[in-house]
Amino acid sequence: QVQLVESGGGLVQAGGSLRLSCAASGSIISINAMNWYRQAPGKQRELVARASSGGSTNYAESVKGRFTISRDNAKNTVNLQMNNLKPEDTAVYYCNAQRVITPRSTSDYWGQGTQVTVSS
């Protein structure tokens, strides 16, 4: 099925920017939602941004106005542009592909994650 690989993480100073990329081995045109999640130490994995197949986007309130998710179905990639980074953004970021199987069931595919560290 869909294989996902994240890249672009690293160390950046507060106020800096990073661009994360997620490359899919297969077509994502039929994937209902492409998402970016993140997980900080001691915290649950949280949804950061979502891009639906219809073109709509959603963001966590904590990143709204700073992060931008973009989905390129032709290139089978999803990117996350992160600007004005804060130390609170430090986490492992994961790419997620979600396909609706039934109205009550979805199939999720996950990348291995990429570390983002923001220094103060």
Side-chain angles (χ1 to χ4, degrees):
Q1 264 291 344
V2 178
Q3 302 293 318
L4 306 172
V5 179
E6 304 96 336
S7 63
L11 175 65
V12 65
Q13 286 185 311
S17 299
L18 284 174
R19 181 172 181 261
L20 305 183
S21 295
C22 174
S25 61
S27 175
I28 64 170
I29 194 168
S30 64
I31 299 296
N32 301 102
M34 295 296 300
N35 310 301
W36 282 99
Y37 284 78
R38 68 184 181 188
Q39 186 167 26
K43 297 183 178 180
Q44 292 187 331
R45 189 171 298 186
E46 65 174 343
L47 177 63
V48 176
R50 168 171 290 166
S52 73
S53 59
S56 64
T57 59
N58 298 94
Y59 299 92
E61 287 298 321
S62 60
V63 307
K64 191 174 181 63
R66 299 188 297 120
F67 291 11
T68 302
I69 187 171
S70 59
R71 174 174 176 167
D72 191 334
N73 292 332
K75 296 181 179 179
N76 297 321
T77 59
V78 179
N79 299 315
L80 184 68
Q81 179 66 47
M82 305 185 295
N83 298 323
N84 192 24
L85 284 161
K86 303 176 180 180
E88 307 91 270
D89 296 318
T90 296
V92 177
Y93 285 71
Y94 298 90
C95 183
N96 163 258
Q98 186 176 69
R99 189 197 305 275
V100 176
I101 306 300
T102 70
R104 67 183 187 280
S105 178
T106 62
S107 181
D108 288 273
Y109 306 90
W110 296 89
Q112 292 300 307
T114 184
Q115 177 70 48
V116 171
T117 303
V118 184
S119 62
S120 59

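The first residue in the sequence is number 1, and the count goes up from there.
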- Are the side chain of E6 and the backbone of G113 linked by a donor-acceptor contact shorter than 3.5 Å?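 Yes; at least one donor-acceptor contact below 3.5 Å.
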
- Item | Non-neighbouring partners of Y109 that pass ring-ring contact (aromatic ring centres under 6.0 Å, His included), sequence neighbours left out |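 Counting only residues at least two positions away or on another chain, Y109 forms no ring-ring contact (aromatic ring centres under 6.0 Å, His included).
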
- Message: Apply side-chain contact (heavy atoms from CB on, under 4.5 Å) to residues W36 and M82 and explain how you reach the verdict.
- Response: CA-CA 12 Å; W36 282 99; M82 305 185 295; over 6 Å; no

- Task: Output every pair passing salt bridge (Lys or Arg N to Asp or Glu O under 4.0 Å) with a member in residues 77-98, not counting sequence neighbours, ordered by first then second residue.
- Result: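 Applying salt bridge (Lys or Arg N to Asp or Glu O under 4.0 Å) to every pair that reaches into residues 77-98, excluding sequence neighbours, yields R38-D89, R66-D89.
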
- Among residues two or more places apart or on two chains, list those pairs meeting salt bridge (Lys or Arg N to Asp or Glu O under 4.0 Å) that have a residue in residues 15-28.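 Listed by first then second residue: nothing to list.
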
- Query: Stepwise, does the side-chain contact (heavy atoms from CB on, under 4.5 Å) test hold for S56 with R50?
  - Reply: CA-CA 8 Å; S56 64; R50 168 171 290 166; over 6 Å; no

Distance (rounded to the nearest 0.5 Å) between [X] [atom1] and [Y] [atom2]:
X    : Y   : atom1 : atom2 : value
D108 : N96 : CG    : CG    : 4.5 Å
F67  : S17 : CZ    : OG    : 9.5 Å
Q115 : L11 : CD    : CG    : 9.5 Å
L80  : M34 : CG    : CE    : 11.5 Å

- Message: Going by side-chain contact (heavy atoms from CB on, under 4.5 Å), name the residues that satisfy it together with T57, two or more places apart in sequence or in a different chain.
- Response: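 side-chain contact (heavy atoms from CB on, under 4.5 Å) list for T57, sorted by chain: A51, Y59, I69.
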
Treat each ILVMFWY residue as a node, draw an edge where side-chain heavy atoms are under 4.5 Å apart, and state whether [X] and [Y] are in one component.
X   : Y   : value
V12 : V48 : yes
V5  : Y93 : no
V2  : Y94 : no

- Message: Please give the remaining members of the hydrophobic cluster of I101, linking ILVMFWY side chains under 4.5 Å, ordered by chain and number.
- Response: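 When side chains under 4.5 Å apart are linked, I101 ends up in no cluster with other residues.
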
- So, do Q13 and L85 sit near enough that their side-chain heavy atoms are less than 4.5 Å apart?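 Side-chain contact under 4.5 Å: no.
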
Let me have the donor-acceptor pairs involving side chains of residues 20-33, under 3.5 Å, with sequence neighbours excluded, atom names and distances please.
from, atom 1, to, atom 2, distance (Å)
S21, OG, N79, OD1, 3.0
S25, OG, Q3, N, 3.1
S27, OG, I29, N, 3.3
S30, OG, R99, NH1, 2.9
N32, OD1, V100, N, 2.6

- Which atom names give the shortest non-hydrogen contact between S120 and A14, and what distance separates them?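 The answer is CA-CB, 4.4 Å.
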
